[in-house]
Each structure stands twice: as C-alpha cells, then as structure tokens.
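Working notes, structure below.
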2 protein chains.
Amino acid sequence: MSEPIFQYRHPHPAVTVDCIIFGFDGLQIKVLLVQRKSEPFAQHWALPGAFVQTDESLDACATRVLQKECSISGVYVEQLYTFGLPERDPRERVISVAYMGFVKTTDFQLIAGNNELQADWQALDQLPVLAFDHHAMIQKALERLRGKIRYQPIGFELLDVKFTIPQLQQLYEAILGKNLDRRNFRKKILSTGLLKQLDEKQQNVAHKAAYFFAFDQQQYQQLMQEGIYLELL
Amino acid sequence: MSEPIFQYRHPHPAVTVDCIIFGFDGLQIKVLLVQRKSEPFAQHWALPGAFVQTDESLDACATRVLQKECSISGVYVEQLYTFGLPERDPRERVISVAYMGFVKTTDFQLIAGNNELQADWQALDQLPVLAFDHHAMIQKALERLRGKIRYQPIGFELLDVKFTIPQLQQLYEAILGKNLDRRNFRKKILSTGLLKQLDEKQQNVAHKAAYFFAFDQQQYQQLMQEGIYLELL
DNA sequence: TATTTTAGTGTATTTTTTACACTAAGGATT
DNA sequence: AATCCTTAGTGTAAAAAATACACTAAAATA
C-alpha cells in the first residue's frame, strides 16, 4: 500500500496556520495552549495549529483550528504575521501564518470547564517554555493587540454581546497593563458613540448594579466608511 | 536529462513574496510595477515578486526581489499580509507573503531614470489592471500605510537622510490625501523630538530656503523602549 | 438596619488641537 | 539694481480634549 506522493519541480515549503487564541476571564487576558503529542517538541506546550490544506483559504484554516481545539465557532480571527525563518522547524521548511483569535467570555468559561478538550488557558505572565517560535508569536500578538485597541474596537471581541462598562474598562486595563480613571474612561468610550445602552442591568452583584451595553456594529461601519480615524483611548 | 523532483507525502503549496514598493517624487506616492514576461497574466502589470527559496527567510526574499528589480539596496521593507485564497493563481496553490518596501527620494530618481530596469513607477490613482490579486495587495498596503504614519515614522523611509519640513509635510499630505496647516504640522512634528535640525539649508530654490532636518533614530529607539505611544499626527 | 462595594456623575485645570496673518529670504524677471 | 513671486518660519486665540479628583446611588450581605 503505497501512500500518495506529491511531486514538484521546485522545492515547496509546508505552510501551517498557528493561532494565538485570546480569552478574558474578567480580570486578565489568557492564551490557549495545547500540549504537542508528537515530535518535534513532544509534550511541549504550543499554540494550536494545522497545516493548510490545498483547497482551503488561510482564514478557513484558522477557523478549522479553532473548531478542532476549542469546539466553538463564531470566534473572531485576524491574521497577525507570517513567520518564515528557514530553521524554525527541524522537520522541514515550514512557514507559519500566525492568526489571533478572540474568544468571548461565555465561551472562555465553556472551554475552561471542558475536560475533554486538550487545551488550557494560560496566564500571559506565567507562560511555560513553548515549542517552535511560539513564544515570539505570542509577544508579537500582544504588541499588535496593545496597539490596535487604541483605534479599533477589537477588544470587544473578547466580551459577550452584552457587557458593562466596568467590564470593558477592566479589559482595557488588562491589555494595556495600567489603570484608567473610571470617570474618564466612561466619558471617553461613550463619546465614540459605539456603545448602545440596554435597559438591562447586572443582577446578584454586591454593589450597585451596572447597565449592560452592546457594541453598535452599524455605527462602527458607518464611521469606517466615512474614513473617520477612531481614537478609542 | 531529467530535472530534479521534490516529493512530499502531503500536498505543499508554493510560497511567493510579492513587494509593494513605494516611492515619493516630492509630490505624490508611487508604486513600482513590472510587466510579466510569461503566463499566467503575460504582459500584465504586476508587483515584483519571487518564489521563496528553501534556505531563505521571507525578509531575505523580499530584499532579493528589491535588489533584482530595482538594483538598489538598503531599502526598508516590512511584511504586510499573507494572501492565501486557494484560487489566486491558476497554475497551482500559491500563497503570497506581501511586503511593503520604501524607496528613498534619491533612489526613486535613479530607478525612474534607469532604462535598463524593466520596472516603472506608477501613480496610485492611475493604476493599470494588475495580475493576480495585486490590486488588492496595493489597497491593503495603502490602508496600512495611512494608519501607520500616525504613530510610526515609517513615512520617513521614503525621504532622503536630509529633508525639509515642507517636504515631510507634502509626504504626509500625499499619504493621507488631505491638506495640513503648515504652522500646525511643523509645531506638532517638532514636538515629537524626533527631528534634528541641521545647519544646512536648501539651495537654488525660488523662495525662502528651508533648513534640512534628519530623523533622530536614537531618540526614537529610546521612546520605543520607554513604551511611549507616539502620536505623530 | 448598617455596612461594604462598586456604578455613575461633574467640575476645574491643563494640554492639545484648530484656525488664522505677517515677515524673512531666496531666485527670477524687469 | 529693484521688484516680484513664492514659499519657510513664526505665534496667538479659541475650542476641544485630556487629566485629576469626591460624592451619591443602589445592590447584596451581615
């Protein structure tokens, strides 16, 4: 039984998609890691990834990785960067297209509580040694995230459809790594016009219950179409 | 005489690096295009590109493309995005890692005046029909450039080592597509501390001669190390 | 009922952004 | 040589945004 062989007149690299999947536990940002089952780097923690299939776009590959490792769908993914040093993989020449994924709070909890998944949420300040160049991938993703949240509402993808302003603030503080004044943050973020206040309030909280808000996707699209340069913070 | 054959147990895509090479003629931004010599898209204008070689990083491949098409070196290059739709190339599965390159004014003139090169500078508002998905690549590069020049001195890579503030302003206006007040632009850009005024002035200009300035790379590195969030504009 | 813990609110001050006119200085023309 | 033309460089006033900060309201808990 001989396996299929693919032949080319020139050397071809393999191409993988590796995913830096962020989640937010209400306090801090975490990243999803898996333990490799085979060499190279067997037993090492690594980012979830897969080889790109022939008839599959890169975005679709990223989405497939997420579906396979997290059993969730509807995760916002965005390409980060392509890592292409010749020696990054000892097996052969492998180029990796790194993607960032953003898991919403409720899904974050589902993943955390699902013992059948082989994936774990890890705090960013306590990462284990990682396989390949995955540590560099995470650093680059954080750097991108910290830059982007100032002018794109990308962080919102980590929150549920309904969220409170204090939750949003905690998210921004976790990503930027610094405290923000509650009054000023509220004023600034509301001035963007991107939030719709709902009639619903938090329940069962030992303090004043906060109103829920939702992201106004339509308003955002309109601002983008008008070419407005956003400054969320 | 049989040619070498490369065999793999799984299908492997081909990977190219395509370069959106920007130049500045003092008034507007231009992009460097070449005419394809062979199918697919023979005779079509396209971005310069090449297949990634096995022992070559992606950055090195981009630099090689620039060296080959422009006969210049020392061009600042930066990865843009990886285009990976399955049908983007009719020959086979080809994934393209797009890079942006920034050619300084003096080199821009050298390339424009070199009849031996097969490459032409084209104005961005009069682009011909392009091969593959190269039009989309250019659009994405412009979008990136327009966003980045607000908080990274990337536009400076299009200017010579010595430049005047009116030249820098014209560059910003060309990229952003809008007029900026000269007094305000000067005040703002000087307030960043990233420019060193030289003793030298323009010569042979039929108006008041402007001082030359240089970019202060050291100061920029320091600000980056301190984690300062730059707002150039 | 009292306590605790926020969520929401507004003011004063400082800084930045925005809008705008005039003089200085170089080459070209008369 | 004088004049003209074309910017380069400069600063002020007003508006807007950013920064810093205290108190009341409202929910659960003891």
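First the proteins, then the strands, lettered A, B, ... as listed; each starts at 1.
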Between A/Lys208 and A/Glu231, the residue closer to the 5' end of DNA chain D by nearest nucleotide is A/Glu231
Examine the side chains of A/Glu173 and A/Gln169 and answer whether a donor and an acceptor come within less than 3.5 Å of each other.
yes
Is the phosphate of C/dT16 approached by B/Lys188 (side-chain N or O, under 4.0 Å from OP1 or OP2)?
no
How far apart are the C-alpha atoms of A/Phe163 and A/Phe212, what are their side-chain angles, what is the distance that settles it, and do they pass the ring-ring contact (aromatic ring centres under 6.0 Å, His included) test?
CA-CA 5 Å; A/Phe163 53 85; A/Phe212 282 108; 8.6 Å; no
Of A/Asp181 and A/Ala206, the one whose nearest nucleotide on DNA chain C sits closer to the 5' end is A/Ala206
Using whole Å, what does the distance between atom C1' of nucleotide D/dA18 and atom CZ of A/Arg150 come to?
13 Å
Do B/Asn184 and C/dA19 have a side chain to base donor-acceptor pair shorter than 3.5 Å?
yes
Quickly work out the B/Phe212 CZ to D/dG9 P distance and round it to whole Å.
11 Å
Specify the separation, in whole Å, of atom NZ of A/Lys178 and atom C1' of D/dT19.
12 Å
When the distance from CG of B/Asn204 to C1' of C/dA28 is rounded to whole Å, what number comes out?
12 Å
Look at A/Glu78 together with A/Arg144 and state whether they make a salt bridge at an N to O cut-off of under 4.0 Å.
no
Tightest non-hydrogen contact, residues B/Cys61 and B/Ala50, listed as SG-O, 4.1 Å
Rounded off to whole Å, could you give me the CD-to-C1' distance for the B/Gln203 and D/dT7 pair?
17 Å
Could you check how far CD of A/Gln170 sits from C1' of C/dT6, rounded to whole Å?
13 Å
In whole angstroms, how far is the P atom of D/dT7 from the CD atom of B/Gln202?
11 Å
Taking any heavy-atom pair under 4.0 Å as a contact, classify A/Lys187: base, sugar-phosphate, or nothing.
base
Test for a donor-acceptor pair under 3.5 Å between the base of D/dA22 and the side chain of A/Arg183, counting only N and O atoms.
yes
First of A/Leu233 and B/Ala210 reached from the 5' end of DNA chain D, by closest nucleotide
B/Ala210
To the nearest angstrom, how far is A/Asn179 atom CG from D/dT19 atom C1'?
15 Å
Going by side chain to side chain donor-acceptor pair (under 3.5 Å), B/Asp133 matches just one of B/Gln139, B/Arg88, B/Lys140. Which one?
B/Arg88
Would the base of D/dG9 count as contacting B/Arg182 through its side chain, where contact means a donor and an acceptor less than 3.5 Å apart?
yes
